[in-house]
2 protein chains.
Amino acid sequence: MSPTETRWLDADQQATWRAFIVGSTLLMDTLDRELRQEHDISLGEYEILVRLSESPDRTLRMAKIAESMRHSRSRVTHTVSRMEKDGLIRRIAATDDKRGVDAIMTDKGWELLQAAAHTHVSGVRAHFVDLADRADYAALGRVMNSVSDQLVAENPTFEDIR
Amino acid sequence: MSPTETRWLDADQQATWRAFIVGSTLLMDTLDRELRQEHDISLGEYEILVRLSESPDRTLRMAKIAESMRHSRSRVTHTVSRMEKDGLIRRIAATDDKRGVDAIMTDKGWELLQAAAHTHVSGVRAHFVDLADRADYAALGRVMNSVSDQLVAENPTFEDIR
DNA sequence: CAGAGATAGTTGACACTTCAACAAAGCGTG
DNA sequence: CACGCTTTGTTGAAGTGTCAACTATCTCTG
């Protein structure tokens, strides 16, 4: 924040940081493209289906979806609207809280998920999980978890605003 | 590819994978927002300025920019067009290859980079580098490097098409 | 229990990315 | 040297994400 002296990254740190940017961009783009090409669904849409599939009655409040993916409510509204148009999800007003809306995975959504899951998991393995040894992979998990924890802790608004 | 049995991820792998998605999304979004708020520039635009600053004469061919960031040519054209309109970059036809176009960072671009670099590096440290111990960070670098290598090797078209 | 403020979700405008089609210039082999 | 093929870069449309404004509902406090 304050314009104190900048602590630059050393060469190693810089290299790792750049590897992270390029690698994660490439990885996400690839997984997204594979899903689109083979099942006409984006990675984001797939992730929503996964979360619904893990919920009782394949149902989840819009807010819960947004929260667990750390996407904005607005983004979830747009995405779910598209998926509803495609017949993958249905929306009904929540019974308890009249402001709320429940997203429910349709049978068509369920079937698509079954098919897409294979593609996705294979991709994640081929392009990511199976490339690293267990220890390195675990280390990566630790780092990414602390990134999330720190950002959420530091900026509590992440829970709601985004 | 072939619909053989799916080798699912175990719980640990799944957790790490999800941490990666959520963490990297959160991280990139945060760094992007910080740059926008404080300097009216996106992370992608910033990255272009960095690359130009590292090149002789602060000049780089459009294709080289696209290649090093692994963005599509089209994306680079659009982004550079916006930056040109903002006076951060100038474009001139390449002298040698008449198809080519050189992007040149202006003084205004250079000054913006100086200011933005502090914000960016501080953010990268605070939200990423300084959170992990050296060993975990190095492991992450190894993983992300093999991700890139594997994807580029497997799909040579990445060099040009994207 | 009234009013203020928080929360859920949607909407529309705008920004950015992708994709396919395209023009212009270089390259390579007969 | 001419033809086809590749490479460079741009364009415009369609898709997706962000942001700010808005409605409706809920909750808390005096």
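Convention: sequence-line order gives letters A, B, ...; per-chain numbering from 1.
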Report all interatomic pairs (protein N or O, nucleotide N or O of nucleotides 23-29 of chain D) with separations under 3.5 Å.
from   : atom 1 : to      : atom 2 : distance (Å)
D/dT25 : O2     : A/Arg99 : NH1    : 3.3
D/dC26 : OP1    : A/Lys98 : N      : 2.9

- [ ] Report the distance from atom CG of A/Leu43 to atom P of D/dG17, rounded to the nearest whole Å.
- [x] 10 Å

- [ ] Report the distance from atom CG of B/Leu35 to atom P of D/dT18, rounded to the nearest whole Å.
- [x] 16 Å

Task: A/His71 NE2 to D/dC19 C1', straight-line distance once rounded to whole Å - done: 16 Å

Open item on the list: One thing to verify: whether B/Asp32 and B/Arg36 come together as a salt bridge, which I'm taking to mean a side-chain N less than 4.0 angstrom from a carboxylate O.
Closed with: yes

- [ ] Give the nucleotide from the list D/dG9, D/dG17, C/dT17 with an atom nearest to the side chain of B/Thr79.
- [x] C/dT17

- [ ] Could you tell me whether A/Ser42 contacts a base, only the sugar-phosphate backbone, or nothing, with contacts defined as non-hydrogen atoms closer than 4.0 Å?
- [x] nothing

TODO: Taking only Lys NZ, Arg NE, NH1 and NH2, and the carboxylate oxygens of Asp or Glu, determine whether B/Arg70 and B/Glu47 approach each other closer than 4.0 Å.
DONE: no

- [ ] Would you check if there is a donor-acceptor pair between the side chains of A/Ser68 and A/Arg51 at a distance under 3.5 Å?
- [x] yes

TODO: Would you kindly give the CZ-to-C1' distance between B/Arg75 and D/dT11, to the nearest whole Å?
DONE: 18 Å

Task: Whole angstrom value for the distance that separates C1' of D/dG9 from CG of B/Leu60 - done: 15 Å

Open item on the list: Please determine whether a side-chain nitrogen of the Lys or Arg among A/Asp10 and B/Arg134 lies less than 4.0 Å from a carboxylate oxygen of the Asp or Glu.
Closed with: yes

- [ ] Verify the distance criterion only: is there a donor paired with an acceptor across the side chains of A/Arg91 and A/Ser81 at less than 3.5 Å?
- [x] yes

TODO: Find the distance A/Ile41:CD1 to D/dG15:P and express it as a whole number of Å.
DONE: 16 Å

Task: Gap between atoms CZ and P, on B/Arg73 and D/dG12 respectively (whole Å) - done: 20 Å

- [ ] In whole angstrom, give the distance that lies between atom CD of B/Gln37 and atom P of D/dT18.
- [x] 14 Å

Enumerate the protein-to-nucleotides 12-15 of chain C contacts in which both atoms are nitrogen or oxygen and the separation is below 3.5 Å.
from   : atom 1 : to      : atom 2 : distance (Å)
C/dG12 : O6     : A/His78 : NE2    : 3.0

Task: Heavy-atom closest contact (A/Ala19 atom, B/Gly141 atom, distance) - done: CB-O, 4.4 Å

Task: Residue pair A/His127, A/Glu34: steps toward the side chain to side chain donor-acceptor pair (under 3.5 Å) verdict - done: CA-CA 12 Å; A/His127 309 312; A/Glu34 288 175 350; 2.7 Å; yes

Task: Contact summary for A/Ala103 and A/Ile65, nearest pair of heavy atoms - done: CB-CD1, 4.0 Å

Task: Residues B/Arg7, A/Asp130: salt bridge by 4.0 Å N-O rule - done: yes

